[in-house]
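Counting starts at 1 for both ligands and their atoms, following the listed order. Source: prediction; values computed, not measured.
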Amino acid sequence: MLNIEITVGDITKVNVDAIVNAANTALRGGGGVDGAIHRAAGGQLIYELIERYPDGMHVGDAVVTFGYELPAMYVIHTVGPHYMNVGIDHEALLESCYRRCLEEADKLGLHSIAFPAISTGVYLYPLRDATRVALRTIREFEPESLERAELVFFKSEDAEIARELMNY
Ligand code: AR6
């Protein structure tokens, strides 16, 4: 089972093998954590995305690029569900984001991964519900190489909620 840590801070500064980006289906950058990751990684990141993923990606999936100027060697880009979109299974899609990122990291033989709170910003997924999905999916995952998953929260009050949920 993976070791889960909850921390507060900026994910672009975290020293792990891969950080996860909460991207959008176009995969061409954006605001929030996506914007911060692109700024910190430098301009090469967008070129790799354009070259390797010209058609973008689907909600709930994950794709990998290098991290360039980030401390992390890789960025795993995923797209969470927008909570205001109707006719989709938000929970299943969010679960798929976490699972697919873990699978990609494991496939690369990585030991550590850091997640932001996918979908809980601009995409409006309630933090408590989203964190429950994150914790459950990470706990259920059976890793080959991965040892540690860090949940990085930008706001300390969000990390407090996550710590509370960890104890259930
Ligand atoms: N480090 C860690 N967490 C962060 C950081 C950071 N540097 N910056 C923000 N957060 P959001 P989404 C937290 O909106 O809801 C983008 O424009 C933030 O507090 O970044 O999945 C994309 O291009 C929140 O809890 O992602 C998409 O269009 C969490 O990261 C769209 O936003 C996620 O907030 C995706 O929306």
Side-chain angles (χ1 to χ4, degrees), residues 4-43 45-50 53-65 67-72 74-86 88-102 104-105 112-135 137-138 148-166:
I4 304 176
E5 274 173 45
I6 290 164
T7 61
V8 180
D10 178 354
I11 201 165
T12 65
K13 308 261 196 300
V14 176
N15 227 316
V16 283
D17 297 332
I19 63 168
V20 171
N21 182 16
N24 55 61
T25 54
L27 279 182
R28 298 295 176 264
V33 74
D34 194 7
I37 289 173
H38 274 266
R39 279 192 300 278
L45 178 56
I46 192 86
Y47 287 113
E48 183 178 349
L49 286 166
I50 291 168
Y53 309 106
D55 302 321
M57 66 181 292
H58 296 294
V59 176
D61 202 2
V63 301
V64 182
T65 63
Y68 299 98
E69 291 169 41
L70 289 162
Y74 297 99
V75 179
I76 305 180
H77 306 260
T78 189
V79 184
H82 196 308
Y83 206 69
M84 293 300 119
N85 282 352
V86 291
I88 57 168
D89 187 340
H90 301 106
E91 190 171 326
L93 287 166
L94 188 62
E95 183 179 319
S96 170
C97 288
Y98 282 94
R99 196 183 50 250
R100 287 285 304 117
C101 289
L102 293 166
E104 289 298 318
S112 54
I113 183 169
F115 288 95
I118 302 163
S119 280
T120 67
V122 176
Y123 283 180
L124 300 171
Y125 207 119
L127 191 276
R128 189 175 285 271
D129 294 342
T131 307
R132 273 200 198 96
V133 173
L135 289 170
T137 311
I138 296 169
R148 190 164 71 86
E150 190 169 329
L151 299 185
V152 183
F153 293 90
F154 211 39
K155 301 182 217 152
S156 53
E157 61 265 34
D158 290 350
E160 272 318 303
I161 290 171
R163 287 198 182 105
E164 215 182 277
L165 293 170
M166 268 276 274

Closest non-hydrogen atom pair, Y98 against P116: OH-O, 3.4 Å
Side chain proximity check, V122 to N24, heavy atoms < 4.5 angstrom: no
Geometric class of the Y83/Y125 ring pair [parallel <30°, tilted 30-60°, perpendicular >60°]: tilted
Proximity winner for atom 9 (C) of ligand 1, if only heavy atoms of N21, L27, V33 are counted: V33
Short side-chain to backbone donor-acceptor contact, R163 and I6, under 3.5 Å: yes
Pairing residues for Y123 by the ring pair (Phe, Tyr, Trp, His ring centres under 6.0 Å) criterion, not counting sequence neighbours: H82
Any G9 heavy atom less than 4.0 Å to ligand 1: yes
Ligand 1 atoms in contact with A36 (distance to a heavy atom under 4.0 Å): 7 (N)
Atoms of ligand 1 close to G31 [distance to a heavy atom under 4.0 angstrom, numbered from 1]: 16 (C), 17 (O)
Atoms of ligand 1 close to N24 [distance to a heavy atom under 4.0 angstrom, numbered from 1]: 22 (C), 23 (O), 27 (C), 28 (O)
Ligand-residue contact atoms, ligand 1 with D10, heavy atoms, under 4.0 Å: 1 (N), 6 (C), 7 (N)
Contacts of type side-chain contact (heavy atoms from CB on, under 4.5 Å), residue R132, not counting sequence neighbours: R128, D129, L165
Residue-ligand contact T12/ligand 1, heavy atom below 4.0 Å: no
Donor-acceptor contact below 3.5 Å, side chain D17 vs main chain S112: yes
Subset of ligand 1 atoms that lie under 4.0 Å from at least one heavy atom of G30: 17 (O), 23 (O)
Min N/O separation I11 to ligand 1 under 3.5 Å: yes
Heavy-atom gap G80 to ligand 1 smaller than 4.0 Å: no
